[in-house]
Participant: 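Structure incoming, see below.
Atoms within each ligand, like the ligands themselves, are counted from 1 in listed order.
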Amino acid sequence: MTQAELFERAKKVSPGGVHSPVRSFRSVGGNPVFFKRAEGAYLYDTDNKEYVDFCLSFGPLILGHRDPEIEEVVRETIGLAWTFGACEPYSLELAEFIVEEIPWVEKIRFVSSGTEAVMSALRVARAATGRDKILKFDGCYHGHSDALLVKSGSGLAGEASSDSAGIGKSQLQDTLVLPLNDEVAVDKLFAEHGKSISCLIIEPLPANYGLLIQRKEYIEKICKIAKSHGALVLFDEVISGFRVGMKGMGEHFDIKPDLVTYGKIIGGGFPVGAYAGSKELMDLVAPSGPVYQAGTLSGNPIGMRAGLAVLKKMKRDNLYESLNVRTKKFTDELKSILNEKGNASWDISTFTSIFWAHKQTQSPIRTIDEIPAGHKEGFAKLFHSLLKEGVYLAPSGYEVGFFSHAHNDNITTKVLEKVRKALKDN
Ligand SMILES: *Cc1c(COP(=O)(O)O)cnc(C)c1O
C-alpha cells in the first residue's frame, strides 16, 4: 500500500484523513507521510524511509522517541496495570515530584490533555473570583475549548470573534482578546472591565503561532495590572513547561502565576495534562471544593510513570543545559547554511530547545501581525525540500521545531549536510 493510497483510505473514514488538522499537510501542500515506527531522533515511514524528526509529536518528546530508560518503565508498568480508576501511588509520585520542584505548585490535578487542563483551570479562576470574563491574547493557543477558540474581533478593543464554526455567541461573550506585546491595551481593558475579569491567561512563551518571544517587562507589567484588579494570572505552560527548564517560564520571568497548566512533556509521550496552583485555589476543586472536574482515565499509570521518569532523568543528568547549548549550536549552523545561497535571508528564533525559522525582520517578531508576508509559502517550500532529504519539520510554518536529547552531534552534522544538499537541489 503506497502512502497516497493510505491517505485516500484515511480520507474515507476520517475528516481530512486525520485526527488533528495540521497532520494533514494542508498548510504545506502535498500528501502527509504515514509513519510506522520511531526511535530516538528518527521516524520511519511505511516505506521504511528514515527521517530526522524535529516535530517530535509537537513537543512531548524531550528525550526523543522511546528513550530506552523510559521504555523500560513503560513496559514494567504495562505489566502492572493499564488503568485503575482508583487510587494508586504513581500519580502521587509525579504530583509530589512537581510540588517539590515548583514553588507556585502546592497542589496539582492530572487530566488527559492540555485542552482539559486549561478548561478546568479557568473554571477554578471563575469560582475563586466570582467573575466571568477572561482575557486572552491573539497568537496564544490554549486548546480547542469553545471559549478559547477565538481571535480579536473587528470592532471594539478586546472583543472576540470565533475562530471556528460551531461556537455559539454566548460562548464568546466572556472572552476578551488583545494583541501581544501591548501593555497599554491591557491597562485600558482592565480600567474598563477590571471588575468582571476573573483571569488573564497567556502562554508566557507563545509557541503555537510561530515562536513569539515576549519581553520580560511586558509580562511583568500585565501580570501586575491583572493582580491589581483582583484577577488571577494563569500561565499556560503546556508547551513551555518542563521544556524551557524544570520550573518553566515562571522561573525565567521570576513571576509566580496563580494557576498553571501543563501537558505534552508531563506525560512523557502519553496523554496527560495537569492544572495546578496554590492550596487555596486548588482546594476549590471537587471533592474538596465546589468546582466539579473528573476523568475516567485521569492519572493513567503509564503516563504518570513515563512522565516522572522523563522529569527525573532530565534532572539527574542535568540535560536542560546540554540540550539548550546543542540547540543553539545547531540553529546557528542551520541559519548560516540556509543563507549560503544568499537569496533567502532566513532567521531562526530560538528559545532553549525550541526554534522557529522565518524570514529576517528588522526587530524580533512578538505579535502575529509582525510575521513577514509570504511566510507560509516560503516555509512550505523549505519543508518539502527538507522532507525529500529525510528531515521532518512540523508540517506548518506556524508550528515550532523541537530539539531532543536524542539529537546528538552525529545526527545534527548529518542533518546539516542534508539541508545543504536540499538547498542545492532546490
Ligand atoms: C498543545 C497546547 C495546548 C493543548 O493541549 P492538547 O493536549 O493538544 O489538548 C494548550 N495550550 C498550549 C500552550 C499548548 O501548547
Participant: Does any part of the side chain of R243, heavy atoms only, come nearer than 4.5 Å to the side chain of F351, both counted from C-beta?
Facilitator: no
Participant: I need the contact residues for ligand 1: any residue with a non-hydrogen atom closer than 4.0 Å to the ligand, ordered by chain then number.
Facilitator: S113, G114, T115, Y141, H142, G143, E203, N208, D236, V238, I239, K264
Participant: Taking the ring centre of each residue, are F35 and Y392 less than 6.0 Å apart?
Facilitator: yes
Participant: Could you walk me through whether R75 and E71 pass salt bridge (charged side-chain N to carboxylate O under 4.0 Å, His left out), step by step?
Facilitator: CA-CA 6 Å; R75 285 184 193 280; E71 183 153 304; 2.9 Å; yes
Participant: Decide yes or no for Y141 and D163: does some side-chain heavy atom of the first lie under 4.5 Å from some side-chain heavy atom of the second?
Facilitator: no
Participant: For residues F7 and F25, establish whether the separation of their ring centroids is below 6.0 Å.
Facilitator: no
Participant: Hey, do the aromatic rings of Y262 and F242 have their centres closer than 6.0 Å?
Facilitator: yes
